[in-house]
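Everything below concerns the one structure shown next.
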Amino acid sequence: GSCGRIGLLLSCHIDQARLAILTFKSFKEARRVIGKIRALGYRLPIIVRTQHHGDCVGLVNAGADHGHGARHQSKFW
């Protein structure tokens, strides 16, 4: 499912989670979902994997705790 649907995150018990690891192709979608999570008051750490390493700074500015660009992905991950 898409973590872009906040309902999916709720059904996965984000309210009880200690960490969120999210993967996105779209910077806009990632920023929107991170903003929603933060706007709903969730303070858990958010790690985001995105297609472009250059998006990481923008996602951290949007509320993620760490961004990981796919360009630096290990061939074993």
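Values below: every heavy atom of this structure, side chains too, minus hydrogens, waters and symmetry copies.
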### Message
To the nearest 0.5 Å, what is the distance between CG on Leu19 and NE2 on His66?
### Response
11.0 Å
#### Entry: Any Arg38 side-chain heavy atom under 4.5 Å of Ile46 side chain
yes
## Note on the structure
The reported gap from OG in Ser26 to CG in Asp55 (rounded to nearest 0.5 angstrom) is 8.5 Å
### Message
Nearest 0.5 Å, please: how far is OH in Tyr42 from NZ in Lys36?
### Response
12.0 Å
### Message
Nearest 0.5 Å, please: how far is CD in Glu29 from CG in Leu22?
### Response
10.5 Å
### Nearest-0.5 Å distance that lies between atom CG in Leu40 and atom CD1 in Ile14
8.0 Å
### Task
Quick one: do Asp15 and Leu10 satisfy side chain to side chain contact (heavy atoms under 4.5 Å, CB included)? Show the steps, please.
CA-CA 7 Å; Asp15 57 326; Leu10 295 172; 5.9 Å; no
### Joint hydrophobic cluster, Val60 plus Ile34, side-chain heavy atoms closer than 4.5 Å
no
### Query
So do Leu59 and Phe24 actually touch side chain to side chain, heavy atoms under 4.5 Å?
no
#### Entry: Least distance between heavy atoms, Gly69 atom then Cys56 atom
N-SG, 3.5 Å
### Query
What do the steps show when you test Ile21 against Val48 for side chain to side chain contact (heavy atoms under 4.5 Å, CB included), and what is the final call?
CA-CA 6 Å; Ile21 301 175; Val48 181; over 6 Å; no
#### Entry: Heavy-atom check, side chain of Leu44 versus side chain of Ile37, under 4.5 Å
yes
